[in-house]
There are 2 protein chains.
Amino acid sequence: MTHDQIFKALADPTRRTIFERLATSGHNASELREGLSISQPAMSQHLSVLRSAGLVREQRQGRFVNYEVDPDGLASIGEWLAKYRAYWPARIDDLKTLLKDMDQ
Amino acid sequence: MTHDQIFKALADPTRRTIFERLATSGHNASELREGLSISQPAMSQHLSVLRSAGLVREQRQGRFVNYEVDPDGLASIGEWLAKYRAYWPARIDDLKTLLKDMDQ
DNA sequence: CCGACACATAAGCACAGACTTATTTCATTA
DNA sequence: TAATGAAATAAGTCTGTGCTTATGTGTCGG
């Protein structure tokens with residue numbers, strides 16, 4: 001769950017694709033392979049990296065393992081990004097508006 | 001300036017250190033080496049990666065080159081992160097606190 | 001000009017990591 | 001309980017990349 005693990009995990013385009021797919025809805029490892037020309041072990045390894053980084057979490061369901069986005073990882077990026085808030089002044093108001101919208 | 005370049009750039013701990021140092025204030029390449037046990041070419045290469053990613057920009061001043069944070073790169077991460085806003089509701093209060101701190 | 005200095009580029013090396021095939025683990029079901 | 005099927009682990013290969021030393025480029029002061 002360190003920033004190092006998170007950024008390393010997201011540095012790989014295949015893993016970002018997997019993550020984006022999971023952001024739409026949860027999937028098991030086999031479903032995630034669809035469309036990607038990648039072996040089953042490769043997918044398993046990618047998911048392991050994403051999980052160690054706290055970007056994804058798993059939930060065993062029988063002999064399937066369902067994966068979904070873990071908000072903790074995203075929050076960690078948000079916190080990292082917040083440290084450099086001095087450089088996005090123009091964006092702060094947007095974010096505030098967003099949070100207000102999210103609030104009810 | 002792609003997400004791929006940005007995440008790859010930030011995946012390296014040395015480059016994150018450099019970036020954080022630049023976030024405090026602008027520095028030239030020599031100043032940035034202080035404290036880091038790293039050769040001059042290594043620093044030059046790191047800065048090149050950060051610059052290509054749009055995270056840092058340079059400004060020649062005589063025979064020195066001053067580097068500073070480029071808001072574009074940060075904004076690009078912010079936009080990437082915003083796509084997954086559906087997954088931060090649990091963290092809203094934390095973020096709000098951050099924004100409040102930022103606001104003074 | 002010429003020496004020194006700041007930085008960039010070149011070339012090569014060594015390690016990290018993304019992939020493969022083969023095998024193992026574990027749960028389901030016939 | 002044997003067979004099947006999903007997913008994880010093992011082991012090995014190959015590419016990418018971060019580092020080094022050596023050299024090139026450009027700027028300033030004497």
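The figures here come from the full heavy-atom set of this structure, side chains too, leaving out hydrogens, waters and symmetry mates.
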Query raised in the report: Nearest to the side chain of A:S44 - C:dT20, C:dA18, D:dT9?
Result: D:dT9
Query raised in the report: Is any side-chain N or O of B:Q40 under 3.5 Å from a base N or O of C:dA6, one able to act as donor and the other as acceptor?
Result: no
Query raised in the report: Got a second to check how far B:L36's CG is from B:M43's CE, nearest 0.5 Å?
Result: 5.0 Å
Query raised in the report: Looking at D:dT20, does its base get a donor-acceptor pair with the side chain of B:Q45 below 3.5 Å?
Result: yes
Requested in this report: Output the single nucleotide from D:dA7, C:dC5, C:dC19 whose closest atom is nearest the side chain of B:R63.
Outcome: C:dC5
Query raised in the report: Same cluster for B:Y87 and A:M1 if Ile/Leu/Val/Met/Phe/Trp/Tyr side chains link at under 4.5 Å?
Result: no
Requested in this report: On DNA chain D, check which nucleotide each of B:S39 and A:R51 is closest to and give me the residue with the more 5' one.
Outcome: A:R51
Query raised in the report: What is the distance, rounded to the nearest whole Å, between atom CG of A:N66 and atom P of C:dA27?
Result: 17 Å
Requested in this report: Could you please name the option among C:dC19, D:dT20, C:dC7 that lies closest to any side-chain atom of B:A42?
Outcome: D:dT20
**Report entry** Proximity to the side chain of A:P41 - top-ranked nucleotide from D:dT20, C:dT20, C:dC19
**Finding:** C:dT20
Query raised in the report: Are any side-chain N or O atoms of B:R51 and backbone N or O atoms of B:V56, one a donor and one an acceptor, separated by less than 3.5 Å?
Result: no
Query raised in the report: Rounded to the nearest Å, what distance is computed from the CD atom of residue B:Q61 to the C1' atom of nucleotide C:dC7?
Result: 14 Å
Query raised in the report: From C:dC7, D:dG18, D:dA8, pick the nucleotide closest to the side chain of B:F64?
Result: C:dC7
Query raised in the report: To the nearest angstrom, how far is B:Q5 atom CD from D:dG16 atom P?
Result: 16 Å
Query raised in the report: Are A:L22 and A:H27 side-chain neighbours, meaning at least one heavy-atom pair lies under 4.5 Å?
Result: yes
Query raised in the report: Which of these nucleotides, C:dA6, D:dA11, D:dA7, is closest to any side-chain atom of A:N28?
Result: D:dA7
Query raised in the report: What integer distance in Å separates B:D12:CG from D:dT17:C1'?
Result: 9 Å
Requested in this report: Specify the separation, in whole Å, of atom CZ of A:R33 and atom P of D:dA7.
Outcome: 10 Å
Query raised in the report: Is B:Y67 near enough to C:dA6 that one of its side-chain N or O atoms lies under 4.0 angstrom from OP1 or OP2?
Result: no
Report task. Starting from the C-alpha separation in whole Å, work towards a yes-or-no answer on salt bridge (charged side-chain N to carboxylate O under 4.0 Å, His left out) for B:R16 and A:D4. Result -> CA-CA 9 Å; B:R16 281 200 309 282; A:D4 199 69; 2.8 Å; yes
Query - Spacing between A:H46 atom NE2 and C:dT20 atom P, to the nearest angstrom - result: 9 Å
Query - N/O (side chain, B:S48) to phosphate O (OP1/OP2, C:dC7) under 4.0 Å - result: no
Report task. Ignoring the backbone of B:K8, work out which of C:dA8, D:dT17, D:dA7 is nearest its side chain. Result -> D:dT17
Query raised in the report: Can a side chain N or O of A:R15 be found less than 4.0 Å away from OP1 or OP2 on C:dA18?
Result: yes
